[in-house]
Chemist: 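Quick one: structure below, then a few questions.
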Protein chains: 2
Amino acid sequence: MRPIIPNISVDCVVFGFDMKKLNVLLTERQLKDPKTDEIIFTDYTLQGHHVLEGENLNEAAIRVLRDKTGLHDIFLEQFHTFGNTDRMLNERDILWTEKIYPMVAHHVVSVGYYSLVDSATVKPDQAHQQTKWFSVEDLPELGFDHAEIIEKALYCLRVKLSREPIGFELLPEKFTLSQLQSLYEAVLGKKLDRRNFRKKVALMKYVIPLDEKQRGVAHKPAQVFIFSKDVYQRTKKEKLDFSI
Amino acid sequence: MRPIIPNISVDCVVFGFDMKKLNVLLTERQLKDPKTDEIIFTDYTLQGHHVLEGENLNEAAIRVLRDKTGLHDIFLEQFHTFGNTDRMLNERDILWTEKIYPMVAHHVVSVGYYSLVDSATVKPDQAHQQTKWFSVEDLPELGFDHAEIIEKALYCLRVKLSREPIGFELLPEKFTLSQLQSLYEAVLGKKLDRRNFRKKVALMKYVIPLDEKQRGVAHKPAQVFIFSKDVYQRTKKEKLDFSI
DNA sequence: TTGCATAGTGTATAATTAACACATAAGCTG
DNA sequence: CAGCTTATGTGTTAATTATACACTATGCAA
(Lines give C-alpha, C1' and ligand atoms only; values in the text may rest on other atoms or scores of the structure.)
Protein backbone atom coordinates (compact mmCIF):
# COMPACT_ATOMS: atom_id res chain seq x y z
CA MET A 1 0.00 0.00 0.00
CA ARG A 2 1.18 3.45 -0.90
CA PRO A 3 2.21 5.75 1.93
CA ILE A 4 -0.05 8.61 2.91
CA ILE A 5 0.76 12.27 2.56
CA PRO A 6 0.66 13.21 6.22
CA ASN A 7 -0.54 16.78 5.89
CA ILE A 8 -3.15 16.58 3.11
CA SER A 9 -6.51 14.88 3.34
CA VAL A 10 -9.91 14.83 1.72
CA ASP A 11 -13.20 14.91 3.57
CA CYS A 12 -16.40 13.79 1.88
CA VAL A 13 -19.79 15.13 2.80
CA VAL A 14 -22.11 12.40 1.54
CA PHE A 15 -25.59 13.82 1.09
CA GLY A 16 -28.47 11.43 0.84
CA PHE A 17 -32.17 11.93 0.32
CA ASP A 18 -34.75 9.57 1.80
CA MET A 19 -37.86 11.08 0.14
CA LYS A 20 -38.41 13.25 3.17
CA LYS A 21 -35.29 15.09 4.21
CA LEU A 22 -31.70 15.67 3.30
CA ASN A 23 -29.23 13.60 5.27
CA VAL A 24 -25.50 13.41 5.80
CA LEU A 25 -23.53 10.25 6.34
CA LEU A 26 -21.43 10.33 9.51
CA THR A 27 -19.18 7.88 11.26
CA GLU A 28 -19.04 7.43 14.96
CA ARG A 29 -15.75 8.25 16.61
CA GLN A 30 -15.24 6.84 20.06
CA LEU A 31 -12.21 7.21 22.22
CA LYS A 32 -11.79 4.72 25.04
CA ASP A 33 -9.33 4.64 27.82
CA PRO A 34 -7.00 1.78 26.85
CA LYS A 35 -6.86 0.45 30.41
CA THR A 36 -10.29 0.89 31.91
CA ASP A 37 -12.08 0.62 28.57
CA GLU A 38 -14.10 3.59 29.71
CA ILE A 39 -15.50 5.80 26.98
CA ILE A 40 -13.78 9.15 27.04
CA PHE A 41 -15.96 10.68 24.38
CA THR A 42 -18.19 9.84 21.45
CA ASP A 43 -18.88 12.06 18.49
CA TYR A 44 -19.16 11.89 14.73
CA THR A 45 -17.00 12.75 11.77
CA LEU A 46 -17.22 12.88 8.00
CA GLN A 47 -15.64 10.20 5.86
CA GLY A 48 -12.12 11.32 5.23
CA HIS A 49 -8.63 10.10 4.74
CA HIS A 50 -5.21 11.32 3.81
CA VAL A 51 -4.26 11.63 0.19
CA LEU A 52 -1.78 8.97 -0.87
CA GLU A 53 1.49 9.66 -2.55
CA GLY A 54 1.07 9.81 -6.28
CA GLU A 55 -2.70 10.23 -5.98
CA ASN A 56 -4.83 13.02 -7.40
CA LEU A 57 -7.27 14.75 -5.09
CA ASN A 58 -10.26 13.45 -7.01
CA GLU A 59 -8.88 9.96 -6.87
CA ALA A 60 -8.46 10.26 -3.14
CA ALA A 61 -12.07 11.31 -2.73
CA ILE A 62 -13.25 8.42 -4.89
CA ARG A 63 -11.14 6.01 -2.88
CA VAL A 64 -12.44 7.32 0.43
CA LEU A 65 -16.01 6.81 -0.69
CA ARG A 66 -15.34 3.35 -1.97
CA ASP A 67 -13.48 2.25 1.14
CA LYS A 68 -15.75 3.82 3.70
CA THR A 69 -19.15 3.31 2.16
CA GLY A 70 -18.78 0.91 -0.73
CA LEU A 71 -20.06 3.58 -3.08
CA HIS A 72 -18.63 4.02 -6.56
CA ASP A 73 -19.50 5.90 -9.72
CA ILE A 74 -21.26 8.60 -7.83
CA PHE A 75 -21.49 12.34 -8.09
CA LEU A 76 -18.56 14.10 -6.47
CA GLU A 77 -17.73 17.77 -6.39
CA GLN A 78 -14.89 19.62 -4.76
CA PHE A 79 -16.25 22.66 -2.97
CA HIS A 80 -13.72 24.18 -0.56
CA THR A 81 -10.44 23.56 1.17
CA PHE A 82 -10.06 23.84 4.90
CA GLY A 83 -6.63 24.66 6.22
CA ASN A 84 -6.83 26.66 9.40
CA THR A 85 -4.05 25.76 11.76
CA ASP A 86 -6.49 25.26 14.60
CA ARG A 87 -8.88 22.98 12.79
CA MET A 88 -7.75 19.89 14.72
CA LEU A 89 -6.88 21.53 17.96
CA ASN A 90 -9.95 21.36 20.11
CA GLU A 91 -9.56 19.15 23.10
CA ARG A 92 -11.20 15.98 21.82
CA ASP A 93 -9.38 16.15 18.52
CA ILE A 94 -6.03 16.45 20.22
CA LEU A 95 -6.73 13.45 22.42
CA TRP A 96 -7.94 11.48 19.46
CA THR A 97 -5.07 12.35 17.18
CA GLU A 98 -2.49 11.56 19.81
CA LYS A 99 -3.92 8.15 20.55
CA ILE A 100 -4.98 7.01 17.14
CA TYR A 101 -2.77 8.80 14.65
CA PRO A 102 0.34 9.84 16.52
CA MET A 103 2.36 9.93 13.32
CA VAL A 104 0.16 12.43 11.57
CA ALA A 105 0.89 16.12 11.28
CA HIS A 106 -0.88 18.62 13.52
CA HIS A 107 -1.71 20.83 10.61
CA VAL A 108 -3.60 18.90 8.00
CA VAL A 109 -5.12 20.72 5.06
CA SER A 110 -8.32 19.03 4.00
CA VAL A 111 -9.95 19.32 0.61
CA GLY A 112 -13.73 19.12 0.90
CA TYR A 113 -15.87 17.16 -1.53
CA TYR A 114 -19.55 16.56 -1.43
CA SER A 115 -21.30 13.67 -3.06
CA LEU A 116 -24.92 12.91 -3.73
CA VAL A 117 -26.58 9.56 -3.39
CA ASP A 118 -29.99 8.03 -3.09
CA SER A 119 -30.16 7.15 0.59
CA ALA A 120 -31.72 3.82 -0.21
CA THR A 121 -28.65 2.63 -2.08
CA VAL A 122 -26.45 3.11 0.95
CA LYS A 123 -27.19 0.70 3.72
CA PRO A 124 -24.79 1.69 6.42
CA ASP A 125 -25.07 -1.65 8.16
CA GLN A 126 -22.81 -4.51 7.42
CA ALA A 127 -19.21 -3.53 6.88
CA HIS A 128 -19.56 -0.01 8.19
CA GLN A 129 -21.29 -0.46 11.48
CA GLN A 130 -20.62 2.93 12.93
CA THR A 131 -21.78 4.87 9.91
CA LYS A 132 -25.23 6.45 10.04
CA TRP A 133 -27.45 8.94 8.31
CA PHE A 134 -28.30 12.17 10.10
CA SER A 135 -30.69 14.85 9.01
CA VAL A 136 -28.85 18.02 8.06
CA GLU A 137 -31.33 19.77 10.31
CA ASP A 138 -30.37 17.76 13.33
CA LEU A 139 -26.70 16.91 13.42
CA PRO A 140 -24.94 15.27 16.34
CA GLU A 141 -21.78 16.53 17.98
CA LEU A 142 -19.08 16.66 15.34
CA GLY A 143 -15.31 16.31 15.47
CA PHE A 144 -12.66 18.60 14.02
CA ASP A 145 -14.12 21.44 11.93
CA HIS A 146 -16.64 19.13 10.35
CA ALA A 147 -19.66 21.20 11.35
CA GLU A 148 -18.19 24.07 9.38
CA ILE A 149 -17.40 21.78 6.46
CA ILE A 150 -20.96 20.47 6.31
CA GLU A 151 -22.39 23.96 6.48
CA LYS A 152 -20.24 25.11 3.60
CA ALA A 153 -21.01 21.95 1.62
CA LEU A 154 -24.71 22.54 2.03
CA TYR A 155 -24.39 26.12 0.91
CA CYS A 156 -22.42 25.06 -2.17
CA LEU A 157 -24.91 22.32 -2.92
CA ARG A 158 -27.73 24.84 -2.85
CA VAL A 159 -25.93 27.19 -5.15
CA LYS A 160 -25.11 24.34 -7.49
CA LEU A 161 -28.63 22.93 -7.47
CA SER A 162 -29.98 26.32 -8.36
CA ARG A 163 -27.90 26.32 -11.53
CA GLU A 164 -27.65 22.73 -12.62
CA PRO A 165 -29.87 19.66 -12.55
CA ILE A 166 -27.82 17.63 -10.11
CA GLY A 167 -30.73 16.73 -7.89
CA PHE A 168 -31.32 13.53 -9.80
CA GLU A 169 -28.18 12.13 -8.25
CA LEU A 170 -30.10 12.02 -4.99
CA LEU A 171 -33.01 10.03 -6.37
CA PRO A 172 -33.44 6.48 -7.60
CA GLU A 173 -33.35 6.05 -11.34
CA LYS A 174 -37.13 6.22 -11.57
CA PHE A 175 -38.93 8.84 -9.58
CA THR A 176 -42.16 10.80 -9.44
CA LEU A 177 -42.55 14.54 -9.70
CA SER A 178 -43.61 14.77 -6.08
CA GLN A 179 -40.42 13.08 -5.06
CA LEU A 180 -38.42 15.46 -7.19
CA GLN A 181 -40.21 18.41 -5.70
CA SER A 182 -39.71 17.25 -2.16
CA LEU A 183 -36.02 16.81 -2.93
CA TYR A 184 -35.78 20.41 -4.06
CA GLU A 185 -37.65 21.50 -0.99
CA ALA A 186 -35.33 19.53 1.28
CA VAL A 187 -32.18 20.89 -0.27
CA LEU A 188 -33.29 24.47 -0.68
CA GLY A 189 -35.03 24.46 2.65
CA LYS A 190 -38.32 25.96 1.49
CA LYS A 191 -41.71 24.95 0.22
CA LEU A 192 -42.49 25.19 -3.46
CA ASP A 193 -45.78 25.52 -5.27
CA ARG A 194 -46.74 22.23 -6.88
CA ARG A 195 -48.23 23.57 -10.08
CA ASN A 196 -45.47 26.05 -10.70
CA PHE A 197 -42.87 23.41 -9.96
CA ARG A 198 -44.39 21.04 -12.48
CA LYS A 199 -44.52 23.76 -15.08
CA LYS A 200 -40.79 24.28 -14.62
CA VAL A 201 -40.03 20.60 -14.86
CA ALA A 202 -42.15 20.35 -17.99
CA LEU A 203 -39.64 22.67 -19.65
CA MET A 204 -36.77 20.35 -18.80
CA LYS A 205 -36.69 18.05 -21.79
CA TYR A 206 -34.27 15.81 -19.99
CA VAL A 207 -36.90 14.77 -17.44
CA ILE A 208 -38.65 12.08 -19.38
CA PRO A 209 -41.97 10.43 -18.49
CA LEU A 210 -42.08 6.66 -18.69
CA ASP A 211 -45.06 4.64 -19.76
CA GLU A 212 -45.37 3.47 -16.22
CA LYS A 213 -47.09 4.35 -12.98
CA GLN A 214 -46.29 4.01 -9.36
CA ARG A 215 -47.62 0.77 -7.87
CA GLY A 216 -48.79 -0.34 -4.48
CA VAL A 217 -49.51 3.08 -3.08
CA ALA A 218 -52.74 3.81 -1.25
CA HIS A 219 -53.66 6.76 -3.41
CA LYS A 220 -53.72 7.80 -7.02
CA PRO A 221 -50.49 6.43 -8.49
CA ALA A 222 -48.07 8.93 -9.93
CA GLN A 223 -46.44 8.98 -13.31
CA VAL A 224 -42.83 7.76 -13.25
CA PHE A 225 -39.97 9.75 -14.77
CA ILE A 226 -36.29 9.31 -15.51
CA PHE A 227 -33.53 11.86 -15.92
CA SER A 228 -31.54 11.67 -19.12
CA LYS A 229 -28.04 13.02 -18.62
CA ASP A 230 -27.62 12.52 -22.30
CA VAL A 231 -30.45 14.78 -23.32
CA TYR A 232 -29.30 17.30 -20.76
CA GLN A 233 -25.78 17.45 -22.13
CA ARG A 234 -27.10 17.96 -25.61
CA THR A 235 -29.74 20.56 -24.84
CA LYS A 236 -28.14 22.67 -22.16
CA LYS A 237 -26.99 25.99 -23.42
CA GLU A 238 -24.12 27.66 -21.65
CA LYS A 239 -26.43 29.89 -19.69
CA LEU A 240 -24.81 31.35 -16.64
CA ASP A 241 -27.91 33.49 -16.19
CA PHE A 242 -25.98 36.49 -14.96
CA SER A 243 -28.56 38.55 -13.34
CA ILE A 244 -27.36 41.88 -14.59
CA MET B 1 11.68 33.12 8.90
CA ARG B 2 9.32 30.23 9.30
CA PRO B 3 9.95 27.16 7.17
CA ILE B 4 7.70 26.41 4.25
CA ILE B 5 5.38 23.45 3.95
CA PRO B 6 6.95 21.83 0.93
CA ASN B 7 3.84 20.26 -0.59
CA ILE B 8 1.18 22.93 -0.07
CA SER B 9 1.03 26.28 -1.81
CA VAL B 10 -1.39 29.04 -2.67
CA ASP B 11 -1.72 30.66 -6.07
CA CYS B 12 -3.36 34.05 -6.45
CA VAL B 13 -5.15 35.13 -9.58
CA VAL B 14 -5.08 38.91 -9.28
CA PHE B 15 -7.78 40.40 -11.48
CA GLY B 16 -7.56 44.06 -12.35
CA PHE B 17 -9.80 46.32 -14.36
CA ASP B 18 -8.43 49.25 -16.34
CA MET B 19 -11.76 50.77 -17.43
CA LYS B 20 -11.58 48.78 -20.63
CA LYS B 21 -10.82 45.17 -20.03
CA LEU B 22 -10.25 42.60 -17.36
CA ASN B 23 -6.61 41.81 -16.70
CA VAL B 24 -4.58 39.29 -14.78
CA LEU B 25 -1.30 39.98 -13.05
CA LEU B 26 1.47 37.63 -14.13
CA THR B 27 5.14 37.30 -13.34
CA GLU B 28 7.76 36.46 -15.87
CA ARG B 29 9.62 33.24 -15.31
CA GLN B 30 12.88 32.87 -17.16
CA LEU B 31 15.26 29.99 -17.00
CA LYS B 32 18.82 30.62 -18.13
CA ASP B 33 21.65 28.22 -18.66
CA PRO B 34 23.94 28.91 -15.73
CA LYS B 35 27.06 28.70 -17.91
CA THR B 36 26.23 30.29 -21.20
CA ASP B 37 23.59 32.62 -19.78
CA GLU B 38 21.45 31.59 -22.68
CA ILE B 39 17.70 31.80 -22.14
CA ILE B 40 16.23 28.32 -22.09
CA PHE B 41 12.65 29.49 -21.88
CA THR B 42 10.49 32.41 -20.84
CA ASP B 43 6.92 32.19 -19.70
CA TYR B 44 4.60 33.56 -17.05
CA THR B 45 3.14 32.35 -13.79
CA LEU B 46 0.66 33.50 -11.19
CA GLN B 47 1.78 34.90 -7.88
CA GLY B 48 2.15 31.94 -5.60
CA HIS B 49 4.15 30.58 -2.75
CA HIS B 50 4.24 27.73 -0.34
CA VAL B 51 2.22 27.93 2.82
CA LEU B 52 4.40 28.39 5.90
CA GLU B 53 4.31 26.21 8.92
CA GLY B 54 1.74 27.48 11.37
CA GLU B 55 0.05 29.61 8.74
CA ASN B 56 -3.61 29.51 7.68
CA LEU B 57 -4.38 29.28 3.99
CA ASN B 58 -5.96 32.72 3.94
CA GLU B 59 -2.97 34.17 5.68
CA ALA B 60 -0.69 32.61 3.11
CA ALA B 61 -2.70 34.18 0.31
CA ILE B 62 -2.59 37.57 2.01
CA ARG B 63 1.15 37.25 2.50
CA VAL B 64 1.75 36.28 -1.11
CA LEU B 65 -0.14 39.32 -2.32
CA ARG B 66 1.69 41.62 0.04
CA ASP B 67 5.12 40.24 -0.80
CA LYS B 68 4.68 39.95 -4.53
CA THR B 69 2.62 43.01 -5.31
CA GLY B 70 2.60 45.25 -2.27
CA LEU B 71 -1.17 44.93 -2.07
CA HIS B 72 -2.98 44.67 1.23
CA ASP B 73 -6.54 44.85 2.49
CA ILE B 74 -7.95 43.61 -0.74
CA PHE B 75 -10.69 41.28 -1.76
CA LEU B 76 -9.61 37.64 -1.69
CA GLU B 77 -11.65 34.55 -2.31
CA GLN B 78 -10.67 30.92 -2.33
CA PHE B 79 -12.16 29.22 -5.36
CA HIS B 80 -10.63 25.80 -6.00
CA THR B 81 -7.75 23.55 -5.09
CA PHE B 82 -5.50 22.03 -7.70
CA GLY B 83 -3.77 18.83 -6.82
CA ASN B 84 -3.25 16.66 -9.85
CA THR B 85 -0.02 14.77 -9.63
CA ASP B 86 1.00 15.92 -13.09
CA ARG B 87 0.41 19.61 -12.56
CA MET B 88 4.11 20.43 -12.40
CA LEU B 89 5.38 17.80 -14.73
CA ASN B 90 5.48 19.35 -18.13
CA GLU B 91 8.95 19.77 -19.49
CA ARG B 92 9.59 23.39 -18.64
CA ASP B 93 8.25 23.00 -15.13
CA ILE B 94 10.50 20.06 -14.43
CA LEU B 95 13.55 22.00 -15.63
CA TRP B 96 12.54 24.99 -13.59
CA THR B 97 11.80 23.11 -10.41
CA GLU B 98 15.02 21.18 -10.56
CA LYS B 99 17.16 24.27 -11.00
CA ILE B 100 15.37 26.72 -8.78
CA TYR B 101 13.60 24.72 -6.11
CA PRO B 102 15.39 21.39 -5.90
CA MET B 103 14.23 20.85 -2.34
CA VAL B 104 10.55 21.15 -3.10
CA ALA B 105 8.20 18.22 -3.52
CA HIS B 106 7.13 17.05 -6.95
CA HIS B 107 3.55 16.92 -5.95
CA VAL B 108 2.44 20.25 -4.61
CA VAL B 109 -1.22 20.84 -3.91
CA SER B 110 -2.11 24.45 -4.59
CA VAL B 111 -5.07 26.30 -3.18
CA GLY B 112 -6.35 28.88 -5.65
CA TYR B 113 -7.48 32.36 -4.59
CA TYR B 114 -8.59 35.20 -6.73
CA SER B 115 -8.40 38.82 -5.76
CA LEU B 116 -9.88 41.93 -7.26
CA VAL B 117 -8.13 45.26 -7.55
CA ASP B 118 -8.39 48.50 -9.38
CA SER B 119 -5.60 48.18 -11.95
CA ALA B 120 -4.54 51.74 -11.34
CA THR B 121 -3.59 51.03 -7.74
CA VAL B 122 -1.12 48.36 -8.78
CA LYS B 123 1.83 49.72 -10.60
CA PRO B 124 3.87 46.67 -11.37
CA ASP B 125 7.04 48.66 -11.89
CA GLN B 126 9.47 49.32 -9.11
CA ALA B 127 10.02 46.37 -6.82
CA HIS B 128 8.30 43.84 -9.01
CA GLN B 129 9.91 44.37 -12.37
CA GLN B 130 8.84 41.20 -14.02
CA THR B 131 5.20 41.50 -13.06
CA LYS B 132 2.78 42.71 -15.72
CA TRP B 133 -0.90 42.96 -16.51
CA PHE B 134 -2.29 40.79 -19.28
CA SER B 135 -5.78 40.87 -20.72
CA VAL B 136 -7.69 37.74 -19.82
CA GLU B 137 -8.53 37.56 -23.50
CA ASP B 138 -4.92 37.45 -24.54
CA LEU B 139 -2.74 35.53 -22.13
CA PRO B 140 0.88 34.65 -22.73
CA GLU B 141 2.39 31.20 -22.39
CA LEU B 142 1.84 30.04 -18.82
CA GLY B 143 3.75 27.72 -16.52
CA PHE B 144 2.46 24.79 -14.50
CA ASP B 145 -1.32 24.41 -14.68
CA HIS B 146 -1.83 28.14 -14.39
CA ALA B 147 -3.86 28.44 -17.56
CA GLU B 148 -6.36 26.06 -16.05
CA ILE B 149 -6.28 27.92 -12.75
CA ILE B 150 -7.03 31.24 -14.43
CA GLU B 151 -9.85 29.75 -16.44
CA LYS B 152 -11.47 28.34 -13.33
CA ALA B 153 -10.93 31.59 -11.43
CA LEU B 154 -12.63 33.55 -14.18
CA TYR B 155 -15.55 31.19 -14.20
CA CYS B 156 -15.91 31.46 -10.42
CA LEU B 157 -15.61 35.24 -10.58
CA ARG B 158 -18.45 35.36 -13.11
CA VAL B 159 -20.66 33.18 -10.99
CA LYS B 160 -19.86 35.27 -7.94
CA LEU B 161 -20.40 38.59 -9.69
CA SER B 162 -23.76 37.40 -10.87
CA ARG B 163 -24.85 36.88 -7.25
CA GLU B 164 -23.04 39.50 -5.23
CA PRO B 165 -21.89 43.07 -5.76
CA ILE B 166 -18.19 42.41 -5.71
CA GLY B 167 -17.45 44.36 -8.85
CA PHE B 168 -16.76 47.48 -6.86
CA GLU B 169 -13.53 45.92 -5.67
CA LEU B 170 -12.25 46.36 -9.20
CA LEU B 171 -13.03 50.06 -9.36
CA PRO B 172 -11.62 53.13 -7.68
CA GLU B 173 -13.61 54.39 -4.75
CA LYS B 174 -15.46 56.89 -6.90
CA PHE B 175 -16.74 55.73 -10.25
CA THR B 176 -19.29 56.51 -12.90
CA LEU B 177 -22.09 54.30 -14.07
CA SER B 178 -20.47 53.87 -17.44
CA GLN B 179 -17.36 52.58 -15.74
CA LEU B 180 -19.42 50.19 -13.66
CA GLN B 181 -21.21 48.98 -16.74
CA SER B 182 -18.07 48.44 -18.68
CA LEU B 183 -16.67 46.48 -15.75
CA TYR B 184 -19.66 44.17 -15.83
CA GLU B 185 -19.28 43.82 -19.55
CA ALA B 186 -15.60 42.98 -19.21
CA VAL B 187 -16.11 40.36 -16.55
CA LEU B 188 -19.21 38.75 -17.99
CA GLY B 189 -17.88 38.98 -21.50
CA LYS B 190 -20.97 40.49 -23.10
CA LYS B 191 -22.50 43.85 -23.95
CA LEU B 192 -25.28 45.23 -21.79
CA ASP B 193 -27.99 47.72 -22.58
CA ARG B 194 -27.22 51.05 -21.00
CA ARG B 195 -30.73 52.02 -19.94
CA ASN B 196 -31.58 48.62 -18.55
CA PHE B 197 -28.28 48.48 -16.72
CA ARG B 198 -28.95 51.83 -15.09
CA LYS B 199 -32.40 50.76 -14.08
CA LYS B 200 -30.87 47.77 -12.30
CA VAL B 201 -28.28 49.88 -10.56
CA ALA B 202 -30.94 52.31 -9.45
CA LEU B 203 -32.44 49.51 -7.40
CA MET B 204 -29.17 48.93 -5.59
CA LYS B 205 -29.44 51.24 -2.66
CA TYR B 206 -25.82 50.71 -1.83
CA VAL B 207 -24.67 52.47 -4.99
CA ILE B 208 -24.81 56.04 -3.84
CA PRO B 209 -24.56 59.14 -6.02
CA LEU B 210 -22.25 61.85 -4.78
CA ASP B 211 -22.82 65.56 -5.20
CA GLU B 212 -19.98 65.57 -7.63
CA LYS B 213 -19.26 65.23 -11.31
CA GLN B 214 -16.46 63.91 -13.39
CA ARG B 215 -13.95 66.60 -14.32
CA GLY B 216 -11.57 67.21 -17.15
CA VAL B 217 -13.26 65.00 -19.67
CA ALA B 218 -13.94 66.21 -23.19
CA HIS B 219 -17.63 65.46 -23.05
CA LYS B 220 -20.59 65.74 -20.73
CA PRO B 221 -19.23 64.87 -17.29
CA ALA B 222 -20.81 61.93 -15.54
CA GLN B 223 -22.26 61.73 -12.09
CA VAL B 224 -19.91 60.13 -9.58
CA PHE B 225 -20.96 57.24 -7.32
CA ILE B 226 -19.60 55.28 -4.41
CA PHE B 227 -20.36 51.79 -3.19
CA SER B 228 -21.38 51.48 0.43
CA LYS B 229 -20.49 48.07 1.80
CA ASP B 230 -22.26 49.17 4.91
CA VAL B 231 -25.59 49.80 3.27
CA TYR B 232 -25.17 46.57 1.32
CA GLN B 233 -24.65 44.47 4.43
CA ARG B 234 -27.70 45.99 6.04
CA THR B 235 -30.05 45.75 3.08
CA LYS B 236 -29.11 42.48 1.48
CA LYS B 237 -31.59 39.80 2.12
CA GLU B 238 -30.39 36.25 2.05
CA LYS B 239 -31.61 35.72 -1.44
CA LEU B 240 -29.97 32.82 -3.13
CA ASP B 241 -32.43 33.29 -5.96
CA PHE B 242 -32.87 29.58 -6.55
CA SER B 243 -34.36 29.44 -9.92
CA ILE B 244 -36.81 26.71 -9.12
C1' DT C 1 -19.75 78.49 -32.61
C1' DT C 2 -19.57 74.27 -34.10
C1' DG C 3 -18.40 69.57 -33.74
C1' DC C 4 -17.34 65.73 -30.92
C1' DA C 5 -17.93 62.41 -27.40
C1' DT C 6 -20.22 60.48 -23.82
C1' DA C 7 -24.10 61.14 -20.26
C1' DG C 8 -28.66 60.67 -19.25
C1' DT C 9 -33.47 59.42 -19.79
C1' DG C 10 -38.81 56.50 -20.67
C1' DT C 11 -42.01 53.55 -22.78
C1' DA C 12 -44.07 49.63 -24.85
C1' DT C 13 -43.83 44.62 -25.32
C1' DA C 14 -42.55 40.13 -24.09
C1' DA C 15 -41.32 36.76 -20.80
C1' DT C 16 -41.30 34.98 -16.35
C1' DT C 17 -42.92 34.29 -11.86
C1' DA C 18 -46.45 33.88 -8.28
C1' DA C 19 -50.74 32.87 -6.36
C1' DC C 20 -54.43 29.94 -6.07
C1' DA C 21 -58.67 25.29 -5.87
C1' DC C 22 -60.87 21.38 -7.38
C1' DA C 23 -61.54 16.83 -9.70
C1' DT C 24 -59.21 12.12 -9.96
C1' DA C 25 -57.53 7.42 -8.98
C1' DA C 26 -55.99 3.74 -6.19
C1' DG C 27 -55.98 1.26 -1.85
C1' DC C 28 -57.95 0.66 2.58
C1' DT C 29 -61.67 -0.06 5.93
C1' DG C 30 -65.83 -1.37 7.64
C1' DC D 1 -68.84 -2.67 -2.34
C1' DA D 2 -69.38 2.03 -0.59
C1' DG D 3 -67.24 5.47 0.97
C1' DC D 4 -62.98 7.32 3.06
C1' DT D 5 -58.22 8.58 2.77
C1' DT D 6 -54.34 10.24 0.47
C1' DA D 7 -51.57 12.04 -2.89
C1' DT D 8 -51.87 13.13 -8.07
C1' DG D 9 -52.76 16.14 -11.78
C1' DT D 10 -54.25 20.27 -14.01
C1' DG D 11 -55.11 26.26 -15.97
C1' DT D 12 -55.83 31.04 -15.42
C1' DT D 13 -54.94 35.54 -13.90
C1' DA D 14 -52.17 39.15 -12.00
C1' DA D 15 -47.72 40.96 -10.83
C1' DT D 16 -43.10 41.37 -11.71
C1' DT D 17 -39.13 41.46 -14.37
C1' DA D 18 -36.54 41.58 -18.72
C1' DT D 19 -35.87 43.37 -23.27
C1' DA D 20 -35.66 46.45 -27.08
C1' DC D 21 -35.00 50.78 -28.62
C1' DA D 22 -33.61 56.72 -29.92
C1' DC D 23 -33.20 61.20 -28.81
C1' DT D 24 -31.58 65.32 -25.96
C1' DA D 25 -27.93 67.34 -22.79
C1' DT D 26 -23.41 68.96 -21.48
C1' DG D 27 -18.70 70.08 -21.41
C1' DC D 28 -14.42 70.51 -23.98
C1' DA D 29 -11.67 71.29 -28.14
C1' DA D 30 -10.85 73.13 -32.42
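The shown structure was predicted, so the numbers you read here are calculated from the model rather than taken from an experiment. Lettering of chains follows the sequences in order, A, B, ..., and the numbering in each one begins at 1.
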Chemist: C:dT24 C1' sits how many Å from A:Lys213 NZ, rounded?
Modeler: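 To the nearest whole Å, that distance equals 10 Å.
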Chemist: Once you round it to whole Å, what is the distance between P of D:dA7 and CD of A:Gln214?
Modeler: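 Atom CD in A:Gln214 sits about 11 Å away from atom P in D:dA7.
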Chemist: B:Asp18 and B:Asn23: side chain to side chain donor-acceptor pair (under 3.5 Å), yes or no, with the steps?
Modeler: CA-CA 8 Å; B:Asp18 61 9; B:Asn23 301 308; 3.2 Å; yes
Chemist: So, under a plain 3.5 Å distance rule, would you say the side chain of A:Arg194 forms a donor-acceptor pair with the base of D:dG9?
Modeler: yes
Chemist: Mind listing the residues from residues 164-182 of chain B sitting with a heavy atom below 4.0 Å of DNA chain C? Number order is fine.
Modeler: B:Ser178
Chemist: Nearest-nucleotide wise, let me know which of B:Lys199 and A:His219 is further upstream toward the 5' end of DNA chain D.
Modeler: A:His219
Chemist: Compare the minimum distances between each of D:dG9, D:dA18, C:dA25 and the side chain of A:Gln223, then state the nucleotide with the smallest one.
Modeler: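 My answer, after comparing the listed nucleotides, is D:dG9.
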Chemist: Return the value, rounded to whole Å, for the distance between atom CZ of A:Phe197 and atom C1' of C:dT16.
Modeler: 17 Å
Chemist: Would you say the base of C:dA21 and the side-chain of A:Arg195 have a donor-acceptor pair closer than 3.5 Å?
Modeler: yes
Chemist: To the nearest Å, give me how far apart CG (B:Leu192) and P (D:dA18) are.
Modeler: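 B:Leu192 atom CG is separated from D:dA18 atom P by 13 Å.
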Chemist: Provide, to the nearest angstrom, the distance between the CG atom belonging to A:Asn196 and the P atom belonging to C:dA15.
Modeler: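 A:Asn196 atom CG is separated from C:dA15 atom P by 19 Å.
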Chemist: Whether B:Glu169 and B:Lys229 form a salt bridge (side-chain N of Lys/Arg under 4.0 Å from carboxylate O of Asp/Glu) is what I want to check.
Modeler: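 Salt bridge flag = yes for B:Glu169 with B:Lys229.
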Chemist: I'd like to know if the side chain of B:Lys21 and the backbone of B:Val136 have a donor-acceptor N/O pair within less than 3.5 Å.
Modeler: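 Absent.
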Chemist: Listed by chain and number, what are the side-chain contact (heavy atoms from CB on, under 4.5 Å) partners of A:Glu28, not counting sequence neighbours?
Modeler: A:Gln30, A:Thr42, A:Tyr44, A:Gln130
Chemist: Tell me the interatomic distance from B:Lys200, atom NZ, to C:dG8, atom C1', rounded to whole angstroms.
Modeler: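 Distance, rounded to whole Å: 19 Å.
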Chemist: Compare the minimum distances between each of C:dA7, C:dG27, C:dA25 and the side chain of B:Lys220, then state the nucleotide with the smallest one.
Modeler: C:dA7
Chemist: Would you kindly give the CG-to-C1' distance between A:Asp193 and D:dA7, to the nearest whole Å?
Modeler: 16 Å
Chemist: Under a 4.0 Å threshold between the charged nitrogen and the carboxylate oxygen, would A:Glu185 count as salt-bridged to A:Arg194?
Modeler: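 Between A:Glu185 and A:Arg194 there is no salt bridge, as every charged N stays at least 4.0 Å from the carboxylate O atoms.
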Chemist: Does the gap between the ring centers of A:Phe168 and A:Phe175 come in under 6.0 Å?
Modeler: yes
Chemist: Using atom NZ of B:Lys191 as one end and atom C1' of D:dC21 as the other, report the distance to the nearest whole Å.
Modeler: 17 Å
Chemist: Using the salt bridge (charged side-chain N to carboxylate O under 4.0 Å, His left out) rule, take A:Asp11 and A:Arg87 through it: C-alpha gap first, then chi angles, then the decisive distance, then the call.
Modeler: CA-CA 13 Å; A:Asp11 279 306; A:Arg87 60 182 289 273; 3.6 Å; yes
